[in-house]
Amino acid sequence: MSAHNVVFGFGAHSSIDDMPELLRMVQQADQDGLDIFTLSDHPYIGERLDAYAALGFILGRTRHIAGFANVTNLPTRPPAMLARTVTSLSALSDGRVVLGMGAGGLWDRIADMGVPRLTPGAAVDAFEEAIVLVKLLSGGGPPVTYEGKHYQVHQIEPAPVAAPPVWTGSVGAKSLAATGRVADGWIPGHAADWLSERYRTSRPIIDEAAASVGRDPSEIRTVFNFPGRITDQPLPNTRDRDGRWLGGSVDQWVEELTGAVLEHGASGFTLFSHGHGAVDLTVLARWTQEIVPSVREAIAK
């Protein structure tokens with residue numbers, strides 16, 4: 001991924017009809033040096049591509065860019081099989097995969113697929129178990145037996161491929177603590193950015209949980225999902241009344257993102273449209289060709 005350990009990406013549509021445009025966008029981003037693209041994982045929506053089938057297809061048509069499901073709908077994807085999927089994708093793509101993990105949000109739709117409904121607390125427990133199990137079933141070694149409350153495997157051989165980095169979309173305190181104990185990165189929910197109250201109150205929970213199990217909190221990355229306009233002229237106000245980033249000129253973007261890295265420890269940025277759909281080609285070109293190179297240059301000084 002990118003120099004100085006900061007990644008830049010974009011969120012893409014995952015509808016079946018959008019596949020030709022999606023492939024063009026990711027291939028262009030790959031040529032322009034972007035680090036990552038993301039797809040949503042909502043298997044109960046018939047018009048959507050299966051996230052992991054789409055990731056495999058696109059990674060096979062690109063050379064450098066990494067992909068991940070932002071975030072994996074865990075309740076519909078048993079972690080032992082998910083481990084096989086992500087390690088296989090990693091082997092096939094030379095490591096260009098990140099495992100985005102979530103406990104499951106739209107439980108009415110998840111239950112419609114025949115998945116037993118879990119309480120919020122049980123869903124987070126299963127989420128933590130799943131991350132542990134994916135890592136146990138990666139990287140080689142002797143057969144694994146795991147007896148969790150929600151998941152069990154017996155004498156299953158791990159794949160001889162390292163587990164990809166695991167980034168979570170944790171929001172609640174219990175889920176944030178699980179991220180600190182077992183995950184490698186965090187994507188703040190609800191498009192929260194580095195100046196938001198949600199970030200300021202949530203990140204310490206991750207750090208404290210990491211330290212409690214002997215981990216270095218700084219090793220857990222924060223990668224921000226956020227929308228924003230890229231304008232030709234500077235905006236008088238780049239944030240709304242609630243402090244949320246609105247966008248601005250290229251120079252304003254560069255100043256803001258550089259500060260996020262150097263002053264707030266940001267490890268990456270994934271650009272979405274205002275409606276949290278795909279970024280259009282014009283915006284993506286300005287992001288990859290104007291903003292990202294300038295931020296990389298600024299943080300390298």
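FYI, side chains are in, hydrogens and waters are out, and symmetry mates aren't considered; it's all heavy atoms of this structure.
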Quick check on the hydrophobic clustering: are [X] and [Y] connected, directly or via other members, by side-chain heavy-atom contacts under 4.5 Å?
| X | Y | answer |
| --- | --- | --- |
| Val153 | Val182 | yes |
| Leu49 | Leu92 | no |
| Tyr146 | Leu74 | yes |
| Val161 | Tyr52 | no |
| Met81 | Val86 | no |

Side chains of [X] and [Y]: closer than 4.5 Å at any heavy-atom pair?
| X | Y | result |
| --- | --- | --- |
| Val223 | Val98 | no |
| Arg229 | Leu235 | yes |
| Arg203 | Ile220 | yes |
| Leu34 | Leu284 | yes |
| Glu47 | Ile16 | no |
| Ile206 | Leu176 | yes |
| Gln233 | Ser249 | no |
| Arg63 | Asp30 | yes |

If I take atom [atom1] from residue [X] and atom [atom2] from residue [Y], how far apart are they, to the nearest 0.5 angstrom?
| X | Y | atom1 | atom2 | answer |
| --- | --- | --- | --- | --- |
| Leu281 | Glu21 | CG | CD | 5.5 Å |
| Asp242 | Leu195 | CG | CG | 13.0 Å |
| Thr270 | Phe272 | OG1 | CZ | 6.0 Å |
| Asp32 | His64 | CG | NE2 | 11.5 Å |
| Asn225 | Thr38 | CG | OG1 | 6.5 Å |
| Met25 | Leu22 | CE | CG | 7.5 Å |

For a quick check under 3.5 Å, do [X] and [Y] share a side-chain donor-acceptor pair by atom type?
| X | Y | answer |
| --- | --- | --- |
| Asp17 | Ser15 | no |
| Thr145 | Gln155 | yes |
| Arg96 | Ser90 | no |
| Ser40 | Arg48 | yes |
| His154 | Glu147 | yes |
| Thr179 | Thr168 | yes |

Salt-bridge criterion met for [X] and [Y] (N-O under 4.0 Å):
| X | Y | result |
| --- | --- | --- |
| Asp184 | Lys135 | yes |
| Asp108 | Arg117 | yes |
| Arg77 | Asp50 | yes |
| Arg286 | Asp232 | yes |
| Arg296 | Asp35 | yes |

Taking all non-hydrogen atoms of both residues, which atom of [X] and which atom of [Y] are closest, and how far apart?
| X | Y | result |
| --- | --- | --- |
| Ala177 | Ala209 | O-CB, 3.3 Å |
| Pro143 | Pro158 | CA-CD, 4.2 Å |
| Trp186 | Ser170 | NE1-O, 2.9 Å |
| Thr258 | Ala298 | OG1-CB, 3.5 Å |
| Ala192 | Ser196 | CB-OG, 3.4 Å |
| Pro164 | Leu99 | CG-CB, 4.1 Å |

Look at the side chain of [X] and the backbone N and O of [Y], then say whether any donor-acceptor pair between them is shorter than 3.5 Å.
| X | Y | value |
| --- | --- | --- |
| Thr72 | Gly100 | yes |
| Trp245 | Gly228 | no |
| Asp240 | Gly243 | yes |
| Arg221 | Asn5 | yes |
| Trp253 | Gly248 | yes |
| Asp41 | Asn73 | yes |

Using the rule given for side chain to side chain contact (heavy atoms under 4.5 Å, CB included), can you reason through Leu55 versus Val97, listing the C-alpha separation, both sets of side-chain angles and the distance that settles it, and then say yes or no? CA-CA 9 Å; Leu55 286 173; Val97 179; 5.8 Å; no
Ring centres of [X] and [Y] under 6.0 Å apart?
| X | Y | result |
| --- | --- | --- |
| Trp194 | Phe226 | yes |
| Trp287 | Phe10 | no |
| Tyr199 | Phe224 | yes |

Working note: Lys149 + Glu129, criterion salt bridge (charged side-chain N to carboxylate O under 4.0 Å, His left out); need CA distance, chi angles, decisive distance, verdict. CA-CA 8 Å; Lys149 182 177 180 180; Glu129 282 188 16; over 6 Å; no
For atom CD of Glu255, is the number of surrounding heavy atoms from other residues, nucleotides or ligands below 6.0 Å larger than 12? no
Can you tell me if Glu297 has over 12 outside heavy atoms packed within less than 6.0 Å of its CD? no
Test side chain to side chain contact (heavy atoms under 4.5 Å, CB included) on Leu39 and Asn70; report intermediate values, then the result. CA-CA 6 Å; Leu39 301 176; Asn70 187 7; over 6 Å; no
Take Glu290 and Val254 through the side chain to side chain contact (heavy atoms under 4.5 Å, CB included) test and state the conclusion after the steps. CA-CA 9 Å; Glu290 298 179 50; Val254 172; over 6 Å; no
Going by side-chain hydrogen bond (donor to acceptor under 3.5 Å, both in side chains), Asp193 matches just one of Arg244, His264, Arg239. Which one? Arg239
Got a sec, which residues hit ring pair (Phe, Tyr, Trp, His ring centres under 6.0 Å) with Tyr44, two or more places apart in sequence or on another chain?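 With neighbours one apart ignored, the set is His42.
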If you apply the rule side chain to side chain contact (heavy atoms under 4.5 Å, CB included), what do you find for Val261 with Phe269, and how did you get there? CA-CA 10 Å; Val261 173; Phe269 308 95; 3.7 Å; yes
